[in-house]
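These notes concern the structure reproduced below.
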Amino acid sequence: DTEVTQTPKHLVMGMTNKKSLKCEQHMGHRAMYWYKQKAKKPPELMFVYSYEKLSINESVPSRFSPECPNSSLLNLHLHALQPEDSALYLCASSHPHGWSGSSYEQYFGPGTRLTVT
Amino acid sequence: EDKVVQSPLSLVVHEGDTVTLNCSYEVTNFRSLLWYKQEKKAPTFLFMLTSSGIEKKSGRLSSILDKKELFSILNITATQTGDSAVYLCAARGGGAQKLVFGQGTRLTINP
């Protein structure tokens with residue numbers, strides 16, 4: 001099973017709303033990622049969790065707040081977003097750095113298409 | 001700064017043609033290079049390359065890495081309309097979980 005699931009598929013929110021994006025994987029991966037992808041651009045890394053601890057924050061504004069409640073789940077809490085935050089938000093997972101095997105490829109979920117009005 | 005550059009950015013060919021997509025990289029402590037195919041939603045994993053000169057194949061797709069010249073190519077033979085997608089190349093450096101993505105090559109296969 002190489003599936004990463006994300007909910008919701010689509011989300012429209014106002015600039016004063018609070019919402020959350022959810023991601024789940026059952027591949028036993030201990031590294032999970034949030035990416036933001038604008039139209040016709042490659043994914044841009046936002047956050048990396050390794051063994052449920054935040055290991056990379058790519059200088060993301062505080063209106064995005066990640067959370068990793070356990071090894072299978074990753075959330076992205078959204079508050080006071082701007083229209084320019086509208087994008088496809090992708091979650092991915094992989095074996096973490098330092099894992100004894102050789103497969104570090106990241107598997108992506110289908111994404112949440114976010115529109116901020 | 002780590003960088004991945006893909007070429008061409010866009011390619012239109014006829015069904016049955018063979019295409020070669022290019023990816024060059026400059027990544028500190030390079031560990032591996034990955035190719036993904038992205039249609040409407042999530043990128044789907046194609047290949048991960050870690051060693052020079054060893055071709056990886058999956059059906060009509062194949063890829064090879066040259067760690068001396070810092071590039072990789074993705075070949076698709078006997079293209080089909082279902083191959084139309086954006087192909088993303090990404091490089092992974094050591095000591096971090098980051099993938100550095102190229103801009104992608106948008107491939108269109110016309111019937």
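Below, read A as the first sequence line, B as the second, and so on, with proteins coming before strands; counting in each chain starts at 1.
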### Query
When you look at NZ of A:Lys38, are more than 12 heavy atoms from neighbouring residues, nucleotides or ligands closer to it than 6.0 Å?
yes
### Message
Grouping I, L, V, M, F, W and Y whenever their side-chain heavy atoms are under 4.5 Å apart, do B:Leu33 and B:Ile73 come out in a common cluster?
### Response
no
### Query
Would you say B:Val13 and B:Ile76 are hydrophobically clustered, going by side-chain heavy atoms of ILVMFWY under 4.5 Å?
yes
#### Entry: Minimum-distance pair of heavy atoms, taken over all atoms of B:Ala42 and A:Pro110
CB-CA, 3.7 Å
#### Entry: Sub-4.5 Å side-chain heavy-atom contact between A:Tyr35 and B:Leu99
yes
### Message
As an exercise, state the distance from CD of B:Gln38 to CZ of A:Phe108, rounded to the nearest 0.5 Å.
### Response
8.0 Å
### Query
Taking C-beta and beyond as the side chain, do B:Pro43 and A:Leu90 meet within less than 4.5 Å on heavy atoms?
yes
### Summary
Bottom line for A:Gln37: the part with an atom under 4.5 Å from chain B's heavy atoms is side chain
### Query
Would a hydrophobic clustering, with Ile, Leu, Val, Met, Phe, Trp and Tyr connected at side-chain separations under 4.5 Å, put B:Phe101 with A:Phe47?
no
## Note on the structure
Distance col, row B:Lys98:NZ vs A:Ser55:OG, nearest 0.5 angstrom, shows 11.0 Å
### Query
Okay, side chain of B:Tyr36, backbone of A:Gln106: is any donor-acceptor separation there less than 3.5 Å?
yes
### Query
Are B:Tyr87 and B:Val100 in one and the same hydrophobic cluster, where Ile, Leu, Val, Met, Phe, Trp and Tyr link if side-chain heavy atoms are under 4.5 Å apart?
yes
#### Entry: Contact origin within A:Glu58 toward chain B - heavy atom pairs under 4.5 Å
side chain
#### Entry: Which atom of B:Arg106 lies closest to which atom of A:Lys40, heavy atoms considered
NH2-CG, 3.8 Å
### Task
Decide if atom NZ of A:Lys19 counts as having more than 12 heavy atoms of other residues, nucleotides or ligands within a radius under 6.0 Å.
no
### Task
Please round to the nearest 0.5 Å and tell me the distance separating atom NZ of B:Lys40 and atom CZ of A:Arg113.
11.0 Å
#### Entry: Sub-4.5 Å side-chain heavy-atom contact between B:Leu88 and A:Pro43
yes
#### Entry: Same apolar cluster (I L V M F W Y, side chains within < 4.5 Å links), A:Leu88/A:Leu45
yes
